[in-house]
Amino acid sequence: MPVLFEGAQVPAHLTNIPISLISTSTDSANKYVKGKVIHKGPLVVSAADNFILKTVIQEDDSSQKPSINIVLFGDLAKSFSQSVNQGDVVVASGFQVGKSPTVRKDNHHACNLLLSKSDACIYVYHPQSPSDSKSPQASKRSSTCSAEVSQTTKAPKYTYVRLDNLKLSSTVNVYGVVVFFKLPHKSRGTHWCSTLKITDQSNLKIQCTLFCNKREDHPQIFQVGDIVRLHRVKTQSYEESIQLISAYGFAAVTFDGIVGRAVEPRTSSRSFQFHQEDQQKVEELRAWAASHSIVSATSTTIPLSATQPKAYFDLTCQLLAKAPIDTTCTLLRVWDGSQCPHTLLKVIVEPDSVEGPVSFSENKENLIANVLVYDNHVEFARQLKPGTFLRIFNLRAIPGSSRVPGLTSSQAVEHDHLAFHLHGGTSYGRGIQVLPENSQDVQELKSALEMFSKDKDDSGVSDSELMDIWCTPPETLERRCIHNIETVMLSQLKQCNDPLGSHHVRVQLSSFKPHRLHQALKLYCSKCSSLQDVPDDEVVNRVFSEASRNAELCSPPSWALSGKVNLPGISHGSSNRTLHIHSSSELLSEGKAKELIYIMGSSLEETCRLADGYQNIIPVRSSEGRLALLDWPAPFLFRGRKRYYGCKSCSEAAAVSEPSCEGVDVIDEKVIAEALQVQPLQFVLLMELQLQDATDTLDVFLWKHAEMFFNVSAEDVAANQEAQDHISRTMNALCPKGGSDVHRPWLDMCLTAYSTVCDGGRGQTCYQICDTGIIKPRPPPSESYPSGSGPTPHEAA
DNA sequence: GTTTAGGCTTCG
C-alpha cells in the first residue's frame, strides 16, 4: 500500500537520483528523488473514492535547479494533501516516470513522476521542529500556507510512558522491545487478537492484549527483539499485575530491533508521525536490548541444517509448493538452502492437488522440508502462494512419524525420517508469518538460495519436465517448447536486465481482455503487418446495399456466362428473389458450375444463404461497365460460413478476372485471391493476459501462438459458434468469473520477451505466450478438417 | 466504545 511517512529516515537500499537525470527510461527501482515542495495543488476527486493531487518539487532553493511535476493518486494524494505544506522537503520512491504533458507551459522537467503503484512512498520533512500544539486536528488540516506560517499547523507530539510509570486506568502510548508474541489469530469475539510481552529500560515485562478489526492492523512482528510503538493502549489490572490492552484508536508501528539496521517503520497506518525522537527511541532500545541479551536469550530461529529431532524451532524459509491433505492438515514444501542432516520425510500427495511444481530436481528435492500444518493454521496456509517467504514459529521436528496423512505403505516402514509439524493452537507463539521481500532476513535467505542455484549442477532434469513424466497435471496447459530452462518467478523476470528471449513461468491467469471474445478476433495483413478488427455485419451490409442500389447493366467478360439464380423467400409467403450471377464458361463445361459463382446485387444475407449451394461465391458489382469487387469492408469471397477479406492498401484494384484452374484440384481462397490480385487478410486471435504468481504480475500478449494455445484455428473461430464456445470455456476454466485465486489453475507457460520500438525510438519489452497449448484438446467438430486448406464442408444452417 | 484473552507445546 502506498505510504506517507512523516520525518522517517529514507531506507538504506534507496539511492538518490538527481532530478536532472530522470528520463522515461529511468528504472525507478530502489531510487528516490528529493526536493522542496514549491507548489502543492488541490486534492481533486477524480471518481468515487479516488483522489489526484499534483505537486511540484525543486531540488534546491535556487531557481536554477531543476523542478519536476509529481502526480499522486488515491490515498497517498489524500495523505499528502493533509500532511504536506509548501516549503516541506519530500522524498519520493516507487514512482513511474511519464512524459509531462505540460512541459511547454510550465517549463518544469520534461518528465513527470507518477505515484500510484503499491510501492509508492513519500517521506515528508517539515522545515521546523514540531511545536507543542495540542490540537489533534492540526496534522489533518489541509493547508496551502507558505513555509513561514506552516509551523502553526504542526501535528501533536506523542509522549511515551516508560513501563515502570504505568498507572492504572489510563490510556497511554508506549515503546517496548518484544520479548514474546503470539501472531494475530481470530478471537472468539469479533476481532483479531494478538498478545505480546514487551520490556524497556525499566526491565519490567508488560503483557499486552491487542484487538483489531483487521489482521494487518496488529504490530507486524517478525521476531522476538523487534521494537513496537503502541499508540492508545489502556492499562488494566489482571492477577495483580498491570497489563496493556488496545484502546479506541489503537495504532502500532514496528521496527527491526537489530542494532545497525535501517530504522524502517512497519505499519498498516496510511499516515503516521515519525520524528527524529522516534528514531532515537528505537536506537536506544536496540542498544539497551543488545547489551542485555534480550533477543539471544529467547530466539529459536535456526536453519534446517541445525534441526534436532523432537526440538521446537522457528524456521525462515521460502514456500515452494503446497497441497491440502485433508480439512485439518495442509502440506507446505519449503526450503532455506541448507540441508538437514537427517533424512527428510517424503509425503506423497495427489499430484492434482499440488499448487506449485509437483517435483523438483534431485538436488533441490534433497533440501526440501515437508511441513504439515494443522487445524487453525490451515486457513492461513491455504492463502499462501508458492514463492512467498515465511517464518514458521514453533515448528516441531518429529522423527519416525508413521502416521502421516498421505503416506504410502512402502514409506510407512521408514522410521527415522524427520517430519515437521506445526501443531494446532497458538501456544508458544505457534503460527506462520509472511516476511516481505524487502526485509533484511529475506534478503539474506535469498542470497543463500541463489548460492544453491549457482553451486549445484542443477541442470539435470528440470522441475517441470519431471512433472510431465510424473503425472498429467490438473492444469489445462502444457509447454511444447524445446527449452530446458528453469521456471522463474515473475518478479525475477521483471527485474532481469536482459529479458529478451525465452522464459518459463508458472502462473495463474488473473485477468484478460478483451472480455467480449469476438473482439479478440482480428484481421492481419502479412504484407503490411496491419491489424484490424473484423468488420461489423452492419457495415458490410451497407456496402452490399450500396452496390445493389447502384447496380447497372454490364456485359459479362468474355470468359464468363451470365445467368440467374432463384433464391427462395426467407419466410413462408415472402416472394422469391432472382439474382444475377456470372459463371466461368470453362468451369461450366467441366460440370463444375457449383464450384464458383460471381454474384451481383445480392444482400449480405442472401449471399450467405447462397453459400450453402456454391463452394465459392465472389460478390461483384459493375464499375464503368466492368466487373469489379465490392468496396472494403465487403469480403472478396464467401466459402461456406467462412468469409475472406482483402487488405485495402495491399490489394490491386484490378478488373475481376477468371481464376486459372489449370492443374488446380480445388478452388480455394488462395487460388481466388491470386486471380483477383487481392492480398488476403489472415484471421488471427489477439488477447492481452495478466499473469500472476506469488511475486508479481505480468501483462503478456497471446497472439502468434494463440491458435496452438486454444487448439483451434482463428478462421474457425470466425466461422463457427462451437469454436467460439471452445475459447470461452477455456478462458472460463483458466480464469473463472468471480472466482478467487484458489479456483484458478496453475499454468506452465513459455514466454518470449521481445523488444518493440515506439515513437521515441526506445525499445519497450513485450511478452508473448509461445509454444504453450491445452493438453486435452476438445476440438469443435470442424477441427477434424485440416485448417486453412482443403475443402470446407458446408455446415448445417 | 460489547466481546474477545489474559503465553506455557504435542491427535496428527
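We name chains A, B, ... by the order of the sequence lines, and we start the count at 1 in each one. Everything numeric here is computed off the predicted structure, so don't read it as measured data.
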Item to check | Residues touching DNA chain B, which here means a heavy atom under 4.0 Å, drawn from residues 171-185 of chain A | outcome: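 Within residues 171-185 of chain A, the residues near DNA chain B are F180(A), K182(A).
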Checklist entry - Which of residues 203-222 of chain A sit near DNA chain B, with a heavy atom under 4.0 Å from it? => result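 Going residue by residue through residues 203-222 of chain A, the ones with a heavy atom under 4.0 Å of DNA chain B turn out to be Q207(A), T209(A), F211(A).
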Next on the checklist: I want to check a possible cation-pi pair here: R229(A) against F272(A), using under 6.0 Å from ring centre and within 45° of the ring axis as the test.
Outcome noted: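 Because its charged atom misses either the 6.0 Å distance or the 45° angle limit, R229(A) does not stack over F272(A).
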Could you tell me if [Y] and [X] have a donor-acceptor pair between their side chains, going purely by distance under 3.5 Å?
X: H218(A); Y: S194(A); answer: yes
X: S338(A); Y: D336(A); answer: yes
X: H275(A); Y: Q280(A); answer: no
X: T209(A); Y: Q207(A); answer: yes

Distance between the [atom1] atoms of [N] and [M], in whole angstroms?
N: dG7(B); M: dC11(B); atom1: C1'; answer: 22 Å
N: dA5(B); M: dG1(B); atom1: P; answer: 22 Å
N: dT10(B); M: dG6(B); atom1: P; answer: 14 Å

Item to check | Test ring pair (Phe, Tyr, Trp, His ring centres under 6.0 Å) applied to H423(A) - qualifying residues, sequence neighbours left out | outcome: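 Checked H423(A) against ring pair (Phe, Tyr, Trp, His ring centres under 6.0 Å); matches are H421(A).
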Checklist entry - What class does the angle between the rings of F420(A) and F313(A) fall in, given that below 30° is parallel, 30 to 60° is tilted and above 60° is perpendicular? => result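 The rings of F420(A) and F313(A) stand perpendicular, inter-plane angle above 60°.
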Checklist entry - How would you label the contact of L196(A) with the nucleic acid (heavy atoms, under 4.0 Å): base, sugar-phosphate, or nothing? => result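 The residue L196(A) makes no contact with any strand.
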Next on the checklist: Once you apply a heavy-atom cut-off of 4.0 Å, does G424(A) come out as touching a base, just sugar-phosphate, or nothing?
Outcome noted: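 Base, at least one base atom sits under 4.0 Å.
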d([atom1], [X]; [atom2], [N]) in whole Å:
X: Q236(A); N: dT4(B); atom1: CD; atom2: P; answer: 12 Å
X: H377(A); N: dT10(B); atom1: NE2; atom2: P; answer: 10 Å
X: R430(A); N: dG12(B); atom1: CZ; atom2: C1'; answer: 12 Å
X: K197(A); N: dA5(B); atom1: NZ; atom2: C1'; answer: 14 Å
X: L395(A); N: dG12(B); atom1: CG; atom2: C1'; answer: 14 Å
X: L345(A); N: dG12(B); atom1: CG; atom2: C1'; answer: 12 Å
X: L418(A); N: dG12(B); atom1: CG; atom2: C1'; answer: 16 Å
X: I242(A); N: dA5(B); atom1: CD1; atom2: P; answer: 22 Å

Candidates [options] - which lies nearest the side chain of [X]:
X: T328(A); options: dG12(B), dT9(B), dT3(B); value: dG12(B)
X: H423(A); options: dT3(B), dG12(B), dT9(B); value: dG12(B)
X: C193(A); options: dG12(B), dA5(B), dT10(B); value: dA5(B)
X: R188(A); options: dG6(B), dA5(B), dT10(B); value: dA5(B)

Taking 4.0 angstrom as the limit, do [X] and [Y] come out as a salt bridge?
X: E379(A); Y: R215(A); answer: no
X: K281(A); Y: D200(A); answer: no
X: E365(A); Y: K346(A); answer: no

Next on the checklist: Looking at the base of dT3(B), is there any donor atom on it, or on the side chain of H191(A), that sits under 3.5 Å from an acceptor on the other one?
Outcome noted: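 Indeed there is one.
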Next on the checklist: Given the structure, check if the side chain of T190(A) and the base of dT3(B) hold any donor-acceptor pair shorter than 3.5 Å.
Outcome noted: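 Side chain to base: pair found, below 3.5 Å.
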Checklist entry - Quick one: is S187(A) getting a side-chain N or O under 4.0 Å of the dA5(B) phosphate, OP1 or OP2? => result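 The answer is no; no side-chain N or O of S187(A) sits under 4.0 Å from OP1 or OP2.
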Checklist entry - Under 4.5 Å between any side-chain heavy atoms of V349(A) and V354(A), yes or no? => result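 A side-chain contact exists here, since the closest heavy-atom pair is under 4.5 Å.
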Checklist entry - Less than 5.5 Å between centroids and less than 30° between ring planes, does Y248(A) satisfy that with dG1(B)? => result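 No; centroid distance or tilt outside limits.
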